[in-house]
There are 2 protein chains.
Amino acid sequence: MANFPFQRLQTDLAALIEKTPAGQRLLSEPKLAQKLGVSRATLREAMRTFEAQGLIRRRQGSGTFVVGAVQALDSGLEVLESLETLAQRIGLEVSVSNLSVDSIVADESAAAALDIPLGAALTRVRRVIHAENRPVAYLEDTLPASALGANDLPKDFHGSVLDFLLSRGDLLTSSRTNVSAIAASSDVAKPLQIQRGDVLLHFSAQLFNPEGKIVDHSLSYFIPGYFRFHIVRRVGNGG
Amino acid sequence: MANFPFQRLQTDLAALIEKTPAGQRLLSEPKLAQKLGVSRATLREAMRTFEAQGLIRRRQGSGTFVVGAVQALDSGLEVLESLETLAQRIGLEVSVSNLSVDSIVADESAAAALDIPLGAALTRVRRVIHAENRPVAYLEDTLPASALGANDLPKDFHGSVLDFLLSRGDLLTSSRTNVSAIAASSDVAKPLQIQRGDVLLHFSAQLFNPEGKIVDHSLSYFIPGYFRFHIVRRVGNGG
DNA sequence: AAACTATAATTTGTCAGACAACTAATAAAC
DNA sequence: GTTTATTAGTTGTCTGACAAATTATAGTTT
C-alpha cells in the first residue's frame with residue numbers, strides 16, 4: 001500500500017498539479033514535502049519527472065509553476081487512463097458491445113509480448129467501444145490467467161480492464177505504448193463497421209506492475225477523429 | 001552553460017546509458033556520482049527522468065540496469081529529436097530529397113497553428129526523408145519568416161529544421177505533438193511513392209521557445225513500419 | 001559432495017540538515 | 001521619485017546517515 005513513498009507521491013503530486021490553475025505557483029519544496037509526507041529529496045525526484053513532461057516549470061529563487069497544460073493531463077499520452085474517462089472528458093458517452101472473454105493459451109507472439117512461457121494460460125478480453133452510437137475503437141487485452149481469470153470480470157463490466165484492475169487494488173506503475181498506424185484487417189473492420197483497409201490509429205501497450213512484470217498486453221485500434229492524443233515532448237539536448 | 005550540474009549530468013548520463021549494453025548493470029550510485037562529479041542526490045534526480053522514460057530499471061539491493069532493445073528506428077516520444085539524430089544514434093543513414101523552401105503568407109490555418117496574424121510572412125520547408133534508399137517520411141515545417149528566412153538554410157541542409165535551429169543557438173524548450181493516423185493524400189503520396197489512401201502515421205506539432213512563442217509548426221507523415229514510436233505512460237489515479 | 005542456513009557486504013530508497021545561487025519584495029538613501 | 005542596499009524566500013546542490021532489499025560468502029548439516 002503506502003510502503004512506496006515515491007509511487008504514492010507521484011500520484012498525489014499529479015493530482016495536485018492537475019487541480020492547480022495554470023500559471024499558479026506551487027507551495028515551496030519544504031512546505032510541499034511536509035504536506036505530502038516525504039522528504040524534500042524524494043519530492044524533488046518526483047518533481048523532475050513532471051518537469052521533464054512539461055507539466056511544471058521551476059525557477060531558482062522564484063518557485064515552481066504549473067505550466068499552461070491542463071489539457072496535457074486531460075488527454076495527453078503521458079498518463080495512462082481508461083478510454084472511458086478520456087471519452088467522458090471530451091464529452092462523449094461511451095458504451096460497450098461485442099464483448100468477449102476467452103481463455104486461451106499463449107502462442108509465440110503472446111508469450112513474447114507478455115514475457116511468459118509458451119502455452120501459459122491466458123485471458124483475452126475483446127470489445128468495441130461506441131461513442132454517440134457509433135463504433136470508435138476496438139480493444140483487445142491479453143493477460144496471464146493468474147492476473148485475470150476469465151470469470152473475474154463483473155457482469156457490469158464497462159469496458160476498461162485497466163479500471164477493473166485498479167479498482168481491485170492491483171498495483172500498476174506504467175505502460176510502454178507503441179504508436180503506429182495500420183490498415184484495418186477484416187477482423188477489426190467488421191466490428192467497427194468500417195471497410196477493410198481503412199485507416200486506424202494503433203496502440204500496442206504493455207502494462208507493468210511494480211516488480212516489472214507485464215500484467216497486460218493491449219491492442220487498441222482507434223478510428224481517427226474521435227479521439228485526439230497529444231504529448232508534450234522535451235527538446236533533446238543534442239547528445 | 002556548464003554551471004548547471006543537472007543539465008550536464010543529464011547529457012553525460014544519457015551518453016553513458018546509450019553506450020552501455022542492454023541488461024548490463026551501471027555503477028552503483030555513490031561511485032557513479034563521484035565519476036560524474038555530482039552528488040548522489042543530484043544523480044538520483046537525473047536517474048528518475050531516465051527511469052520514467054524506460055531506459056533504465058532500478059532494483060533496490062541489486063542495482064540499476066540498462067533496459068534494452070533499441071531495434072529499428074525506435075524512438076521514445078518523450079524527447080523531441082530530429083529523425084536525423086535518431087537515425088544517427090542507431091547508426092542508420094538517412095538522406096533528403098524533394099527539398100523545397102518557399103516564402104508564403106499565413107492563411108487561416110497557418111495563422112491559427114502559429115498564433116500569428118493573417119498574412120504574416122512565413123517560410124515553409126518541405127522534404128522527403130529516405131532511409132536505406134527508400135522514402136520513409138514526408139515532413140513539412142512552417143515558421144514565421146522572422147524565425148527562419150527562406151535563404152537562411154545552408155546549402156548542405158540535411159533535412160532537420162529542428163537541428164538547424166538548435167545549431168544556430170535558438171533556445172527551444174518543448175513541443176506539443178498531436179498523434180493521429182490518416183490516409184495519404186495525393187500531395188503526400190506522390191513524393192513518398194505510395195498509393196493515395198495508403199495508411200500513414202501523422203504528427204502535428206508546435207514547437208515552443210522559452211517565452212512560450214510558437215516558432216515552428218510541423219507536419220510529419222510516416223510510412224508505418226520503418227519507425228517505432230513509443231511512450232512510457234504513467235498510470236493515472238483515476239481522478 | 002551437495003544442500004541448506006546464517007551472516008556479511010553491496011545497493012537502492014529515504015531522510016535530515018546545511019549552504020550556495022538566485023529572485024523578488026522591502027527599506028533606505030539620495 | 002528614483003536608485004540602491006537589504007532581507008526574506010525559493011530552488012540547486014551537497015554531505016552524511018540509516019533503512020530495506022538483494023546478493024555473495026562462509027559455515028553447517030546432511
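Labels below follow one simple rule: chain letters A, B, ... track the order of the sequence lines, proteins then strands, and each chain is numbered from 1.
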Side-chain N or O of A:Arg44 less than 4.0 angstrom from OP1 or OP2 on D:dG12? yes
Starting at atom CZ of B:Arg57, determine the distance to atom C1' of C:dT12, rounded to an integer number of angstrom. 12 Å
So which nucleotide from D:dC14, C:dT12, C:dT11 ends up closest to the side chain of B:Arg25? C:dT11
Does the A:His202 side chain pair with the main chain of A:Ser220, one donor and one acceptor, at a distance under 3.5 Å? yes
d(CZ, A:Arg58; P, C:dA24) in whole Å: 17 Å
Expressed as a whole number of angstroms, how long is the span from A:Gln34:CD to C:dC15:C1'? 14 Å
Counting only side-chain N and O atoms of A:Arg48, is one of them less than 4.0 Å from OP1 or OP2 of D:dT13? yes
Mind calculating the distance between CG (A:Leu32) and C1' (D:dT10) to the nearest angstrom? 13 Å
Rounded to whole Å, the CG-P distance (B:Leu43 to C:dT14) equals 15 Å
Please check this pair: side chain of A:Thr64 against backbone of A:Leu26, looking for a donor-acceptor N/O pair closer than 3.5 Å. no
B:Ala41 or B:Thr64, whichever maps to the more 5' nucleotide of DNA chain C: B:Thr64
Under 3.5 Å: donor-acceptor pair, side chain of B:His217, backbone of B:Ala205: yes
Closest-nucleotide ordering on DNA chain C, the 5'-leading residue of B:Gly61 and A:Ser62: B:Gly61
Among D:dT13, D:dT10, C:dA16, the one nearest A:Ser39 by side-chain distance: C:dA16
Take A:Leu27 and B:Thr42, find for each the nucleotide of DNA chain D with the closest heavy atom, and name the residue whose nucleotide sits nearer the 5' end. A:Leu27
Could you give the CZ-to-C1' distance, from B:Phe65 to D:dA21, as a whole number of Å? 13 Å
Backbone N/O of B:Ala113 and side chain of B:Gln206: donor-acceptor pair under 3.5 Å: yes
A:Gln60 has an atom CD; how far is it from atom P of D:dT11, in whole Å? 10 Å
Do any side-chain nitrogens or oxygens of B:Arg59 fall under 4.0 Å of OP1 or OP2 in C:dT11? no
Give the rounded distance in Å between these two atoms: CD of A:Glu29 and P of C:dC19. 18 Å
Does A:Glu140 reach the main-chain N or O of A:Arg124 with its side chain, forming a donor-acceptor pair under 3.5 Å? no
Contact class for A:Arg40 vs. all strands (heavy atom < 4.0 Å): base, sugar-phosphate, or nothing? base
